[in-house]
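What follows is a single structure, written as structure tokens, with notes after it.
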Amino acid sequence: AELQGESREEALRREKPAQAPLLGGFYDALVAAVVRPPRFEYDPRLLGPSSFSFGGRRYHRHDVLIENDRGLRLHGSHWRSCEEERCPCVVFGHANSASRAQACHYLSLVLGLGCSLFAFDCAGSGLSDGAFVTLGYREARDVRCVLEWLSKRKDVSALALWGQSMGAAAALYYQGFASTESGVWPSLSCVVLDSPYSDFTELAAHVASERKAVFGGFSLPKFVLDLLLASLDASVDARAGLRPTQHLSPVKHAPHCEAPALFVRARRDPLIAQEHVESLAKKYKGPRTLALVEGSHSSPRDVDARRFVARFLARHLPLPPIAKRPPSATAERHLQCAPWSRVRT
């Protein structure tokens with residue numbers, strides 16, 4: 001401001017971005033939410049040390065590249081014990097603007113159960129190849145490639161999926177595709193579905209009703225929303241070969257899902273309404289449990305939620321003997337921090 005010879009207020013006014021058109025901003029946000037949300041590019045050091053001690057046992061993080069069915073390279077990490085013992089593996093699916101680094105929040109929980117943890121960047125996310133994401137639809141096939149890779153390992157005895165937001169939707173799509181399509185689709189012992197959407201059209205209507213300020217304090221008329229969604233279908237189809245209103249509906253796949261499921265919804269979630277999660281649970285074919293937890297849509301879950309998830313996984317996975325797991329006191333102390341962190345007793 002001093003160099004330009006103007007006051008601070010004038011400089012701030014000059015730097016303020018122009019206001020988006022009334023419906024244009026909402027429309028652009030919808031397009032971005034489906035195919036190109038902000039990409040989380042990160043330094044792999046964010047994943048922590050490649051080797052560490054936890055509860056008197058030694059663990060390694062093995063970084064791998066797995067090619068999906070479209071020839072795109074997926075960056076993944078497998079945290080497991082150095083003793084190469086057979087144990088269940090929990091595969092974590094991240095949210096649409098996140099990466100495999102999101103799984104580090106729950107690494108202590110999974111390792112404390114005696115399981116290994118595998119997390120990966122979906123195509124179009126993080127460090128993996130790809131230009132677009134699809135709110136779980138194509139990510140389900142990325143999950144399939146990862147599960148096939150893990151099922152061939154001699155140190156993996158069972159598989160579970162833990163997905164948050166887009167990752168949860170991918171877990172639903174995966175089970176739906178597995179029951180209706182041919183080919184190898186590794187079976188799942190259980191799934192944790194944290195904040196999945198039920199249907200894209202319903203999600204768009206909910207977001208529009210919650211953001212009345214964008215439309216001058218009024219609800220968006222249904223015929224206007226329908227026009228926007230029709231235009232959105234054309235825009236996304238031109239970019240990524242996908243029509244959101246036709247393809248993005250996990251609730252249509254729920255009747256084909258059989259793995260025991262834990263549905264999780266956060267109390268302060270502005271995107272996923274309670275009725276959306278309940279409609280998914282009602283349509284879900286397999287055994288299901290619902291949990292209402294503290295936090296917002298993609299926030300790390302609190303200690304009570306983590307304990308609930310740990311009990312669910314312990315109930316449905318063939319865990320190794322207690323003697324081959326980190327001490328329960330150590331696992332409890334690290335429940336909300338990384339396993340390599342120092343915590344006071």
Side-chain angles (χ1 to χ4, degrees), residues 42 44-64 76-94 98-120 150 153-164 167 189-192 194 260 262 264 266 289 291 293-295 298-345:
Y42 58 95
R45 287 178 294 181
L46 186 63
L47 302 173
S50 59
S51 180
F52 55 90
S53 293
F54 179 49
R57 300 171 69 84
R58 197 74 187 168
Y59 293 87
H60 283 324
R61 187 194 82 235
H62 296 268
D63 296 333
V64 299
S77 296
H78 192 193
W79 288 269
R80 55 190 175 87
S81 170
C82 296
E83 298 179 14
E84 302 289 343
E85 298 169 338
R86 279 178 61 82
C87 65
C89 180
V90 177
V91 178
F92 187 86
H94 61 76
S99 71
R100 57 181 158 159
Q102 191 176 26
C104 293
H105 293 299
Y106 311 110
L107 183 56
S108 296
L109 184 160
V110 174
L111 297 183
L113 292 172
C115 303
S116 65
L117 176 67
F118 190 96
F120 68 101
L150 287 168
R153 293 187 59 88
K154 295 180 180 180
D155 57 351
V156 174
S157 61
L159 294 167
L161 275 179
W162 181 346
Q164 191 158 1
S189 296
C190 60
V191 292
V192 178
D194 190 337
L262 172 61
V264 179
T289 305
V293 302
E294 298 299 330
S298 292
S299 63
R301 299 308 175 213
D302 64 13
V303 65
D304 291 330
R306 296 182 193 210
R307 287 174 182 150
F308 196 90
V309 172
R311 289 195 295 269
F312 174 80
L313 293 174
R315 190 162 62 247
H316 295 286
L317 289 174
L319 301 184
I322 294 178
K324 295 186 177 182
R325 308 181 214 168
S328 57
T330 301
E332 177 68 20
R333 286 198 303 270
H334 287 77
L335 203 54
Q336 282 194 289
C337 63
W340 51 81
S341 301
R342 282 189 171 185
V343 290
R344 293 181 179 180
T345 57

Keeping R333 on the side-chain end and A331 on the backbone end, is there a donor-acceptor pair under 3.5 Å? no
Nearest heavy-atom contact between P320 and G114 is CG-O, 3.4 Å
So the side chain to side chain donor-acceptor pair (under 3.5 Å) pairs with at least one residue in residues 44-53 (sequence neighbours excluded) are D43-R45, S51-R58, S51-H60, S53-R58
*Got L335 and L109 here, is their nearest side-chain heavy-atom distance under 4.5 Å?*
yes
ask   = Taking side chain as C-beta onward, heavy atoms only, is Q164 less than 4.5 Å from F92?
value = yes
Heavy-atom nearest pair, Q336 first then D302, reads NE2-CA, 3.7 Å
So, the side chain of R61 versus the backbone of G48: is there a donor-acceptor pair under 3.5 Å, distance only? yes
**Asked** Where the side chain of Y59 meets the backbone of S116, is there a donor-acceptor pair that is under 3.5 Å apart?
**Response** no
Verdict with reasoning, W340 to S108, per side chain to side chain contact (heavy atoms under 4.5 Å, CB included):
CA-CA 9 Å; W340 51 81; S108 296; over 6 Å; no
Ring pair (Phe, Tyr, Trp, His ring centres under 6.0 Å) filter on F54, not counting sequence neighbours, yields H334
Residue set satisfying salt bridge (Lys or Arg N to Asp or Glu O under 4.0 Å) with R311, at least two apart, ordered chain then number -> none
The salt bridge (Lys or Arg N to Asp or Glu O under 4.0 Å) partners of R325 (sequence neighbours excluded) come to none
A101 meets the side chain to side chain contact (heavy atoms under 4.5 Å, CB included) criterion, sequence neighbours left out, with F40, L46, L47, S99
So the salt bridge (Lys or Arg N to Asp or Glu O under 4.0 Å) pairs with at least one residue in residues 98-120 (sequence neighbours excluded) are D63-R100, R100-D121
* So, do R307 and R301 sit near enough that their side-chain heavy atoms are less than 4.5 Å apart? -> no
Are any of the side-chain nitrogens in E332 or R306 under 4.0 Å away from the carboxylate oxygens of its partner?
no
Shortest non-hydrogen pair, Y106 vs P300, comes out as OH-CA, 3.6 Å
F52 vs L111 side-chain heavy atoms within contact, under 4.5 Å:
yes
When rounded to the nearest 0.5 Å, the distance separating CG of L313 from CH2 of W162 is 6.5 Å
task: Indicate yes or no: at least one non-hydrogen side-chain atom of C89 is less than 4.5 angstrom from one of H78.
output: yes
Using side-chain heavy atoms (C-beta onward) and a distance below 4.5 Å, is L317 in contact with C115? yes
Q: Decide yes or no for V91 and L150: does some side-chain heavy atom of the first lie under 4.5 Å from some side-chain heavy atom of the second?
A: yes
(request) Check step by step if side chain to side chain contact (heavy atoms under 4.5 Å, CB included) holds for F120 and S77. (result) CA-CA 6 Å; F120 68 101; S77 296; over 6 Å; no
Scanning both residues in full, the closest heavy-atom pair of R57 with S81 reads NH2-OG, 3.8 Å
| said: If you define the side chain from C-beta out and look only at heavy atoms, does anything of L262 sit under 4.5 Å from F308? | reply: yes
